[in-house]
Amino acid sequence: QLQLVESGGGLVQPGGSLRLSCAASGFTLDDLAIGWFRQAPGKEREGVSCIRSGSGQTFYQDSVKGRFTGSRDNAKNTVYLEMKSLRPEDTAVYYCAAECGGSPGWVIPFVRHLEVWGQGTLVTVSS
């Protein structure tokens, strides 16, 4: 069974930090571009970051650039999203997914080999 499992969400005050993890099982992430997406209440899903295979080059949505950092550890079959300087508008359910595409400033789902989504982890930024 192909699965992505997110963890690391929670309640954090504005200005705080969280690190999300996305662990894969049933397949390897090595050759896949993995994206982070989020959906806030009443809003459409949006792309947050996309980390490419190989080089690990990462694209970010403009609103998170400079605050969020994507990384991957292929040995652990896991992708991470480090989030700093969190704002109330970052509140959303965060999903990781295979696969993604994009360019500096925007991220979209983009399936080349397979499509897998995690169940999501809730991030709440509030005082």
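Just so it is clear, the model here is predicted, and its values are computed rather than measured.
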Arg67, CZ atom: more than 12 neighbouring heavy atoms under 6.0 Å:
yes
Spatial distance of atom CG (Leu20) from atom CD (Glu82) [nearest 0.5 Å]
9.0 Å
Would you name the heavy atoms of Arg112 and Gly101 that are closest together and state the gap between them?
NH2-CA, 4.1 Å
State which residues pass side-chain contact (heavy atoms from CB on, under 4.5 Å) with Val111; sequence neighbours excluded, sorted by chain then number.
Glu99, Glu115
Distance in Å, Ser7 OG paired with Tyr94 OH, rounded so as to fall on 0.5 Å steps
15.0 Å
With Ile34, the side chain to side chain contact (heavy atoms under 4.5 Å, CB included) member among Leu29, Val116, Thr58:
Leu29
Rounded distance (nearest 0.5 Å) linking atom OG of Ser63 with atom CD of Glu89:
8.0 Å
Do Thr28 and Asn77 make a side-chain contact, defined as non-hydrogen atoms from C-beta onward lying under 4.5 Å apart?
yes
Taking disulfide (SG to SG under 2.5 Å) as the cut-off, I'd like each qualifying pair that reaches into residues 45-76, sequence neighbours left out, listed once.
Cys50-Cys100
Using the side-chain contact (heavy atoms from CB on, under 4.5 Å) criterion, which residues pair with Val125? Sequence neighbours excluded.
Val12, Pro14, Leu86, Pro88, Asp90, Thr91, Val123
Hydrophobic cluster identity match, Val107 and Val93, side-chain contacts under 4.5 Å:
yes
How about Gln39 and Glu44: does a side-chain donor come under 3.5 Å of a side-chain acceptor?
no
Below 4.5 Å, heavy atoms only, C-beta onward: do Ser21 and Thr78 meet side chain to side chain?
yes
Please examine the side chains of Arg38 and Gln61, heavy atoms only from C-beta on, and report whether any two atoms are closer than 4.5 Å.
yes
Tell me whether Val48 is reachable from Met83 by hopping between hydrophobic residues (I, L, V, M, F, W, Y) whose side-chain heavy atoms are closer than 4.5 Å.
yes
If you take all heavy atoms of Lys65 and Pro104, which pair is closest and at what distance?
NZ-C, 4.2 Å
Apply side-chain contact (heavy atoms from CB on, under 4.5 Å) to Ser126 and list each qualifying residue two or more places apart in sequence or on a separate chain.
Leu11, Thr124
Taking the six-membered ring for Trp and the full ring for Phe, Tyr or His, determine whether the centres of Trp117 and Phe37 are under 6.0 Å apart.
yes
Residue pairs involving residues 5-33 (criterion salt bridge (Lys or Arg N to Asp or Glu O under 4.0 Å); sequence neighbours excluded)
none
Test item: Gln119 and Gln3 side chains (from C-beta on) under 4.5 Å apart, heavy atoms:
no
With sequence neighbours left out, write down each residue that passes side-chain contact (heavy atoms from CB on, under 4.5 Å) with Trp106, or none if nothing qualifies.
Ser103, Ile108
Taking Leu32 as the starting point, is it possible to reach Trp36 by hopping between hydrophobic residues whose side chains are less than 4.5 Å apart?
yes
When every non-hydrogen atom of Arg45 is compared with those of Pro109, the smallest separation belongs to NH2-CG, 3.7 Å
Please answer: with hydrophobic residues joined when any side-chain heavy atoms are less than 4.5 Å apart, are Leu81 and Leu4 in the same cluster?
yes
Are Tyr95 and Phe27 connected in the hydrophobic side-chain network, where two residues link if heavy atoms are under 4.5 Å apart?
no
Closest approach of Tyr60 to Ser49 (non-hydrogen atoms, all atoms of both residues):
CD2-CB, 3.7 Å
